[in-house]
Chemist: 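The structure follows.
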Amino acid sequence: MKAEYINAFYVATRDVFSCMLDIDTQRGELGLVEDMITGREANVIIGMTGDLTGSVLYSFPDKMALDMVKIMSGMEMDKLDSFVTSALGELANIISGNAVTNLEKHRISCQIVPPQIIIGQNKSISMAAEKALLLPLKTEIGEFEINISIKETK
Amino acid sequence: MMWKEKYKIGVAKIDEQHEELFRRVSDFIRSVQAKGQWEEKLGKVKETLNFMKDYVVTHFRDEEIYQQKIGFPGYKKHKEIHDNFKAEVGDYAQKFQQEGYSEELVQEFGGKLMAWLIYHVAGIDQKIGAYAAGKEIEGQ
């Protein structure tokens with residue numbers, strides 16, 4: 001997996017967090033993992049097709065997910081209900097859409113599949129590639145991860 | 001949902017409509033997330049949903065007319081984004097008709113709508129403002 005793929009997702013995440021939540025995002029050290037497992041409570045999976053196929057998992061601690069939706073709605077959120085998970089799914093959808101646009105600059109053409117929500121930790125997701133890259137991210141409202149398992153098809 | 005000054009694109013009519021749209025979507029979300037029994041809230045939910053839905057159509061149309069008027073080069077792509085979203089709203093409307101206004105489905109619609117609208121106004125629509133401002137300078 002090339003660095004530009006990861007960077008496309010990092011830049012998209014940073015931009016969308018800044019635009020929608022007014023929050024800065026810092027990247028941690030990239031890791032290589034054998035399995036794609038939900039590391040946190042609130043998870044969104046986005047499938048990718050085209051020149052790159054596979055899936056991207058956005059994994060947020062529940063408190064952070066509630067805080068993100070609180071920032072968006074201006075309302076206190078106390079549980080991961082359909083309102084919260086759907087807002088989170090759309091946010092991951094927007095980030096992934098922007099990542100696809102960033103990849104187009106490298107002449108990589110992809111499409112994304114609508115988000116799928118998974119609640120709970122330690123759930124295993126099937127992978128398209130043999131390994132996945134784990135990108136930890138830090139913000140003032142918590143730390144979360146993006147797990148990227150994609151392979152080139154061309 | 002909080003309206004922020006940074007969301008303004010510098011075109012008075014569109015900024016006013018965006019602010020009104022935020023108000024209406026907020027009213028809808030507040031009615032969905034209010035404490036209490038779903039059946040008791042449903043009347044208010046449907047009322048705020050319809051009030052908001054009509055305005056989305058009006059606003060998209062007015063914004064598209066404005067984009068054409070100033071010759072905005074991103075018009076086609078922007079209209080496509082509006083059309084796709086209207087289709088998604090239409091899908092939900094159909095589901096509400098067929099399956100009823102269940103709390104879960106209405107919440108799902110509300111969450112998606114809120115996130116979509118914030119990004120559309122705070123991110124995508126800013127390009128219209130940037131283009132309009134550039135044209136003004138050019139015309140001076």
Side-chain angles (χ1 to χ4, degrees), chain A residues 11-24 42-44 46 58 60 62 64-102 104 111-119, chain B residues 1-7 9 19 22-35 38 41 45 49 74 77 80-81 84-85 87-89 91-92 95-96 99 101-127 129-130:
Chain A
V11 169
T13 306
R14 187 194 64 196
D15 292 351
V16 171
F17 265 63
S18 161
C19 174
M20 293 180 69
L21 307 171
D22 285 318
I23 280 182
D24 288 332
N43 304 281
V44 186
I46 304 270
Y58 297 83
F60 302 95
D62 46 5
M64 183 181 177
L66 294 172
D67 280 346
M68 286 161 73
V69 178
K70 180 185 165 183
I71 292 170
M72 283 191 259
S73 65
M75 293 163 61
E76 287 294 332
M77 296 289 139
D78 54 12
K79 58 179 186 295
L80 295 176
D81 62 13
S82 293
F83 177 74
V84 171
T85 58
S86 172
L88 214 58
E90 180 61 20
L91 188 111
N93 196 37
I94 293 166
I95 293 173
S96 308
N98 279 17
V100 165
T101 306
N102 293 341
E104 275 165 13
Q111 295 80 43
I112 52 173
V113 179
Q116 202 191 327
I117 309 293
I118 294 180
I119 301 292
Chain B
M1 282 163 80
M2 298 287 286
W3 174 257
K4 294 177 189 162
E5 281 298 303
K6 75 162 194 173
Y7 295 162
I9 68 165
E19 208 171 335
F22 265 62
R23 257 195 300 272
R24 292 192 187 202
V25 173
S26 291
D27 287 346
F28 167 60
I29 290 168
R30 261 196 299 273
S31 70
V32 174
Q33 292 298 84
K35 301 269 181 248
W38 182 244
K41 296 191 288 182
V45 167
L49 173 64
K77 199 171 174 198
E80 202 178 292
I81 295 171
N84 287 340
F85 190 68
E88 284 192 67
V89 174
D91 288 345
Y92 273 104
K95 273 194 198 171
F96 293 146
E99 302 167 23
Y101 290 76
S102 73
E103 183 167 18
E104 199 180 335
L105 192 62
V106 178
Q107 278 186 345
E108 184 190 301
F109 174 66
K112 185 184 171 71
L113 170 72
M114 172 184 72
W116 186 91
L117 181 67
I118 293 174
Y119 185 66
H120 191 71
V121 170
I124 294 176
D125 280 348
Q126 299 300 317
K127 291 179 192 157

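Worth saying up front: this structure is predicted, and the values here are computed from it rather than measured.
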Chemist: Surrounding CG of B:Asp91 (heavy atoms of other residues, nucleotides or ligands, distance under 6.0 Å), is the total greater than 12?
Modeler: yes
Chemist: Using side-chain heavy atoms (C-beta onward) and a distance below 4.5 Å, is A:Asn98 in contact with B:Tyr119?
Modeler: yes
Chemist: Could you give the distance from NE2 (B:His120) to CE (A:Met20), rounded to the nearest 0.5 Å?
Modeler: 12.5 Å
Chemist: How long is the span from the CG atom in A:Asp81 to the CD atom in B:Glu104, to the nearest 0.5 Å?
Modeler: 9.5 Å
Chemist: For B:Ala115 versus A:Leu91, what's the shortest heavy-atom pair and its separation?
Modeler: CB-N, 4.5 Å
Chemist: Calculate, to the nearest 0.5 Å, the distance between atoms CD1 and CD1 belonging to B:Ile124 and A:Ile94 respectively.
Modeler: 7.5 Å
Chemist: Side-chain contact, heavy-atom cut-off 4.5 Å: B:Met114 with A:Ser73?
Modeler: yes
Chemist: Heavy-atom pairs under 4.5 Å with chain B - which of A:Asp15, A:Ile117, A:Asp22, A:Leu88 has more of them than the others?
Modeler: A:Asp22
Chemist: Compare all side-chain heavy atoms of A:Asn93 with those of B:Trp116 and state whether any distance is below 4.5 angstrom.
Modeler: no
Chemist: So, for A:Cys19 and B:Lys6, which heavy atoms are closest and what is the spacing to 0.1 Å?
Modeler: O-NZ, 3.0 Å
Chemist: Should we say atom NZ of A:Lys70 is surrounded by more than 12 heavy atoms from elsewhere, each under 6.0 Å from it?
Modeler: no
Chemist: Report the distance from atom CG of B:Leu117 to atom CE of A:Met72, rounding to the nearest 0.5 Å.
Modeler: 12.0 Å
Chemist: Within a reach of under 6.0 Å around NZ of B:Lys77, are more than 12 heavy atoms found that belong to other residues, nucleotides or ligands?
Modeler: no
Chemist: Is it the case that the side chain of A:Ser86 and the backbone of B:Phe109 share a donor-acceptor pair, with hydrogens and angles ignored and the cut-off at 3.5 Å?
Modeler: no
Chemist: Counting only heavy atoms closer than 4.5 Å, note whether A:Met75 contacts chain B via side chain, backbone, both or neither.
Modeler: side chain
